[in-house]
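Only a predicted model underlies this, so the values are computations on that prediction, with no experimental measurement involved.
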Amino acid sequence: MRVLFLQQRSYFDSIGVLYSQVEAEFCCTFSINIEKYLMSFDLVASCIDHDNDARYLMNLANNLNIPTVFFMDGVYDISNSSNNPHLKNINITLFHPFYYTNIFVVGTKFGEYLSDKHDIKYYNYLPKRACLDIRKNVSPPKKVLITTAVTPYFSTQEKQVLIHWFKSIVSILNGRKISYCFRIFDMDLYKCISDSKSENLINIPLTEIVSNVSCVICTPSTVIHSLTTYKINNLCINYRNESLLYDTDIVCCLYKDLSDSITQLTSSESVIEHNIPTTNIDLNSYDFTLDNISPYKGNKSFFRIYFSYTSVLRIIYNSLPISYRKNIKNFLSVTRIPFFNR
């Protein structure tokens, strides 16, 4: 099988893609005849939906009746798909339009949601980057991890609401003498809800922390889906009160139910599922062939030159030291320059 992966190999490695018996090409940056080039592949794959160049190639592959597949690297969050400032800046809503004939989804709920709207094949899986290496053999002391999605809010108003929720969570846990720790990467948020005795374990892998706490409180995120998959007690703070298209344990949508939800969370024991293998995707094990072949209306002999500056910039960006990448990302988030995506 000859496969064109539209992003760098590292992206697909983190998802769990295997390349045995696959002739793989990565990052289409330039072609003097893009249609002829695409027709030399059996499959075109992408893992970044907000990449306009990748969207263009996926759409072109569909027109050429070449099977396409998209790999989600995390759960689909309704608010993120339309309210994320970066997506607004580049004028993109995730999966609108929808360009894929096959998709690996994180949670069957989202797969069913998509299949009701599009003629697709979906495969439920847990990306390698979302897998946990749980080594818990004995019950840990009662301790709660409080964490969030990487981007837990999209406006000042949402931030204030979230601060209100988290302050109440801390107050309830303190009142019940239940110990807790944080793993919050948004330092402004952390400063608003913590005190001098708080610990923020942002430099420790999630797997290690989860192995030493009894339960987790988190905002909507892939973390919630992973914890639920491993049957680790968790409480999702669904402060936006929106539909969650992935697996959850306990969900609190209303502030008035917060105390009862924490009681439910801390009064039960996790029956942890250890036997979940790390994700390894053998592309040859799937049938990506198209069910419906549409006649191509273009001109395959026409020389259509293609160049992707975002692909080139992404390659350069990912080759830089982490400190440089962080500075560039911070600069772009402030200036809102649509440089490249992820």
Side-chain angles (χ1 to χ4, degrees), residues 72 74-84 94 105-114 116 124-127 130-132 134 142-155 157-173 175-176 178 180-186 189 193 206 209-210 213-273 276:
M72 295 180 65
V75 298
Y76 175 81
D77 183 86
I78 293 174
S79 185
N80 178 65
S81 70
S82 55
N83 295 325
N84 187 306
L94 293 182
V105 298
V106 183
T108 55
K109 291 179 183 178
F110 186 57
E112 293 168 354
Y113 169 82
L114 287 177
D116 286 341
N124 182 39
Y125 85 126
L126 188 66
C131 292
L132 302 175
I134 303 299
K142 183 173 287 188
K143 187 173 185 177
V144 179
L145 169 64
I146 303 172
T147 186
T148 69
V150 175
T151 307
Y153 55 84
F154 297 120
S155 67
Q157 182 179 4
E158 282 194 350
K159 179 181 179 181
Q160 294 305 314
V161 171
L162 200 53
I163 289 172
H164 182 54
W165 277 71
F166 275 138
K167 281 186 174 180
S168 294
I169 290 170
V170 169
S171 176
I172 292 170
L173 293 176
R176 299 178 185 180
I178 298 175
Y180 57 89
C181 57
F182 295 99
R183 190 173 190 263
I184 296 178
F185 292 92
D186 186 307
L189 177 63
I193 63 177
L206 178 63
I209 302 171
V210 168
V213 298
S214 54
C215 50
V216 181
I217 297 175
C218 186
T219 58
S221 70
T222 303
V223 170
I224 288 290
H225 180 84
S226 295
L227 294 171
T228 305
T229 301
Y230 286 86
K231 298 182 180 178
I232 298 170
N233 287 350
N234 64 85
L235 168 61
C236 180
I237 302 301
N238 186 14
Y239 70 98
R240 300 187 185 101
N241 196 12
E242 62 186 13
S243 297
L244 302 178
L245 298 174
Y246 48 89
D247 294 342
T248 57
D249 185 12
I250 305 168
V251 180
C252 183
C253 300
L254 302 175
Y255 179 79
K256 66 181 182 65
D257 297 329
L258 186 57
S259 179
D260 290 342
S261 296
I262 293 176
T263 298
Q264 183 182 354
L265 174 71
T266 57
S267 62
S268 56
E269 292 187 8
S270 295
V271 183
I272 299 172
E273 176 60 67
I276 298 177

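- Side-chain atoms of Tyr255 and Trp165, non-hydrogen and from C-beta on, do get closer than 4.5 Å to each other.
- No donor-acceptor pair closer than 3.5 Å links the side chain of Asp247 to the backbone N or O of Thr229.
- Scored by the side-chain contact (heavy atoms from CB on, under 4.5 Å) test, Val251 finds Cys236, Asn238, Leu244, Thr248, Cys253 as partners (sequence neighbours excluded).
- Contact of the Asn234 side chain with the Cys218 side chain is not registered, since no non-hydrogen atoms from C-beta on lie closer than 4.5 Å.
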*Check the pair Ile237, Leu258 against side-chain contact (heavy atoms from CB on, under 4.5 Å), reporting the backbone distance first and the verdict last.*
CA-CA 9 Å; Ile237 302 301; Leu258 186 57; 3.9 Å; yes
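- Considering only residues two or more places apart in sequence or on other chains, Tyr113 meets the ring pair (Phe, Tyr, Trp, His ring centres under 6.0 Å) condition with Phe110.
- The backbone N or O of Ile184 sits nowhere less than 3.5 Å from a side-chain atom of Thr147 that would complete a donor-acceptor pair.
- Side-chain atoms of Thr219 come within 3.5 Å of backbone N or O of Ala149 as a donor-acceptor pair.
- Side-chain contact between Tyr153 and Asp186 is present, with heavy atoms from C-beta onward closer than 4.5 Å.
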*Hey, mind stepping through Phe154 and Asn84 against side-chain contact (heavy atoms from CB on, under 4.5 Å) and telling me if it holds?*
CA-CA 6 Å; Phe154 297 120; Asn84 187 306; 3.8 Å; yes
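- The distance from atom OG1 of Thr266 to atom CG of Leu173, rounded to the nearest 0.5 Å, is 7.5 Å.
- Here Leu145 contributes atom CG and Phe182 contributes atom CZ; the two are 9.5 Å apart, rounded to the nearest 0.5 Å.
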*When you look at Phe166 and Thr148, which way does the side-chain contact (heavy atoms from CB on, under 4.5 Å) test go after all the steps?*
CA-CA 10 Å; Phe166 275 138; Thr148 69; 3.6 Å; yes
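- Annotation: salt bridge (charged side-chain N to carboxylate O under 4.0 Å, His left out) contacts involving residues 158-168, sequence neighbours excluded, comprise Glu158-Arg240.
- A 4.5 Å side-chain heavy-atom check between Leu132 and Leu227 finds at least one atom pair inside the cut-off.
- Atoms OG and CG, from Ser267 and Asn233 in turn, are 8.5 Å apart once rounded to the nearest 0.5 Å.
- Note: Lys256 NZ to Ser261 OG = 9.5 Å, rounded to the nearest 0.5 Å.
- Residues Leu254 and Asn241 meet the side-chain proximity criterion, which asks for heavy atoms closer than 4.5 Å.
- Summarising the geometry, atom CD1 belonging to Ile250 is positioned 5.0 Å from atom CG belonging to Leu265; distances are rounded to the nearest 0.5 Å.
- Remark: the backbone N or O of Cys131 is not paired with any side-chain donor or acceptor of Ser226 at under 3.5 angstrom.
- The shortest distance between side-chain heavy atoms of Val106 and Tyr125 falls below 4.5 Å.
- Here the closest non-hydrogen pair linking Arg183 and Leu206 is NH2-N, 3.7 Å.
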*Step by step, would you call Ile134 with Ile232 a side-chain contact (heavy atoms from CB on, under 4.5 Å)?*
CA-CA 10 Å; Ile134 303 299; Ile232 298 170; 3.9 Å; yes
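- Between Leu94 and Asn80, some side-chain heavy-atom pair lies under the 4.5 Å cut-off.
- Counting heavy atoms from C-beta on, the side chains of Val213 and Val144 never come closer than 4.5 Å.
- The distance from atom CG of Leu235 to atom SG of Cys252, rounded to the nearest 0.5 Å, is 6.0 Å.
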